[in-house]
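Shown next, in structure tokens, is the structure this report addresses.
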Amino acid sequence: IAGITQAPTSQILAAGRRMTLRCTQDMRHNAMYWYRQDLGLGLRLIHYSNTAGTTGKGEVPDGYSVSRANTDDFPLTLASAVPSQTSVYFCASKGGPTEAFFGQGTRLTVV
Amino acid sequence: GNSVTQMEGPVTLSEEAFLTINCTYTATGYPSLFWYVQYPGEGLQLLLKATKADDKGSNKGFEATYRKETTSFHLEKGSVQVSDSAVYFCALSGGGNKLTFGTGTQLKVEL
């Protein structure tokens with residue numbers, strides 16, 4: 001089934017550890033995004049990529065990094081996790097002036 | 001920059017009641033407008049969209065009209081069901097492929 005796959009589904013992570021959230025899409029969409037969802041704050045954009053080889057900072061990029069080596073994959077890395085990064089993370093992709101498609105999310109708890 | 005403002009929740013309605021969730025936006029140019037729905041434990045799914053002024057998006061009994069003169073995209077449904085209980089997000093897509101979301105409105109429908 002075409003769409004976006006995120007992994008892991010959930011994770012409990014010790015503070016200070018490094019973690020990479022994976023995101024893969026098979027729709028050949030150029031644009032990909034990472035959002036975090038927190039109660040009362042909606043979805044906030046962390047990083048985005050308009051096409052393979054390029055990335056940009058969103059609203060809340062600090063503490064996160066991304067790469068876009070190819071069209072399909074857009075991993076999000078937390079270099080040294082902190083408790084404030086406890087959140088639900090959603091990856092999305094978009095092909096042109098159409099709607100975005102979302103993954104099922106990764107629930108991350110930093111303790 | 002672009003922004004989306006939607007009414008705060010939770011909104012609690014009885015089954016078969018009329019629903020309105022207000023959404024207004026600020027954007028340059030002519031953005032596309034979307035309503036997404038998030039059921040418990042799931043990612044966001046597109047509910048409906050409108051790409052130009054006066055367009056009406058509709059799906060599953062929900063409707064929203066793109067009103068450029070009032071910069072609004074209010075979501076309506078004539079008769080809600082328990083199964084409509086979810087969080088609803090208004091969003092816009094402006095230049096550069098970026099999506100901007102509102103903070104979400106939780107809808108609870110009771111028997």
Side-chain angles (χ1 to χ4, degrees), chain A residues 1-7 9-10 21 23-25 27 29-52 54-61 68 71 74 87-107, chain B residues 1-10 21-25 27 29-52 55 57-59 62 64 66 73 86-107:
Chain A
I1 298 176
I4 297 183
T5 302
Q6 290 185 236
T9 303
S10 65
L21 308 184
C23 175
T24 299
Q25 55 108 353
M27 297 174 282
H29 286 167
N30 280 327
M32 296 187 74
Y33 311 85
W34 275 105
Y35 291 90
R36 59 178 288 173
Q37 184 179 25
D38 302 290
L39 191 63
L41 297 175
L43 280 89
R44 293 182 292 169
L45 182 65
I46 304 171
H47 285 287
Y48 66 95
S49 169
N50 283 333
T51 190
T54 69
T55 62
K57 293 181 179 180
E59 183 182 355
V60 288
R68 188 86 184 277
T71 297
F74 191 44
S87 187
V88 181
Y89 291 86
F90 288 100
C91 181
S93 72
K94 189 168 176 289
T98 61
E99 68 271 21
F101 293 83
F102 284 79
Q104 291 295 94
T106 295
R107 183 174 297 276
Chain B
N2 297 337
S3 67
V4 175
T5 302
Q6 59 182 107
M7 62 190 289
E8 292 189 17
I21 300 178
N22 290 335
C23 171
T24 56
Y25 68 90
Y30 302 94
S32 294
L33 301 174
F34 307 89
W35 276 101
Y36 284 84
V37 59
Q38 184 180 32
Y39 298 103
E42 299 185 9
L44 279 72
Q45 305 172 26
L46 180 70
L47 179 60
L48 54 83
K49 66 180 180 181
T51 58
K52 61 182 186 295
D55 268 1
S58 61
N59 185 27
F62 290 89
Y66 188 162
F73 193 55
V87 180
Y88 293 81
F89 291 91
C90 186
L92 71 83
S93 176
N97 268 334
K98 289 184 183 179
L99 277 172
T100 302
F101 285 87
T103 54
T105 301
Q106 183 176 11
L107 171 65

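A note on names: the letters A, B, ... follow the listed sequences, proteins ahead of strands, and every chain is numbered from 1.
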Closest heavy-atom contact between A/Phe90 and B/Gln38? CZ-NE2, 3.3 Å
Output for pair (B/Thr100 OG1, A/Glu59 CD), nearest 0.5 Å, gives 8.5 Å
Crowded around A/Arg44 CZ? As in, over 12 foreign heavy atoms under 6.0 Å? yes
So what's closer than 4.5 Å to chain A heavy atoms on B/Gln106: side chain, backbone, both or neither? neither
Which pair of non-hydrogen atoms, one from A/Gln104 and one from B/Gly43, has the smallest distance, and what is that distance? OE1-N, 3.6 Å
Tell me, yes or no, whether the heavy-atom count around B/Tyr39 atom OH, taken from other residues, nucleotides or ligands under 6.0 Å, exceeds 12. yes
Atom CD of A/Gln37 and atom OG1 of B/Thr103: how far apart are they, to the nearest 0.5 Å? 10.5 Å
Heavy atoms of other groups near B/Glu8 CD, more than 12 under 6.0 Å: no
Only pairs of heavy atoms separated by less than 4.5 Å count here; which of B/Leu99, B/Leu46, B/Val87 has the most with chain A? B/Leu99
Counting N and O atoms only, with roles assigned by atom type, does the side chain of B/Tyr36 sit under 3.5 Å from a partner on the main chain of A/Ala100, one being a donor and the other an acceptor? yes
May I have the step-by-step check of ring-ring contact (aromatic ring centres under 6.0 Å, His included) for B/Phe101 and A/Phe102, ending in yes or no? CA-CA 13 Å; B/Phe101 285 87; A/Phe102 284 79; 5.8 Å; yes
Please identify, among A/Leu43, A/Asp38, A/Asn30, the residue contributing the most non-hydrogen atom pairs under 4.5 Å to chain B. A/Leu43
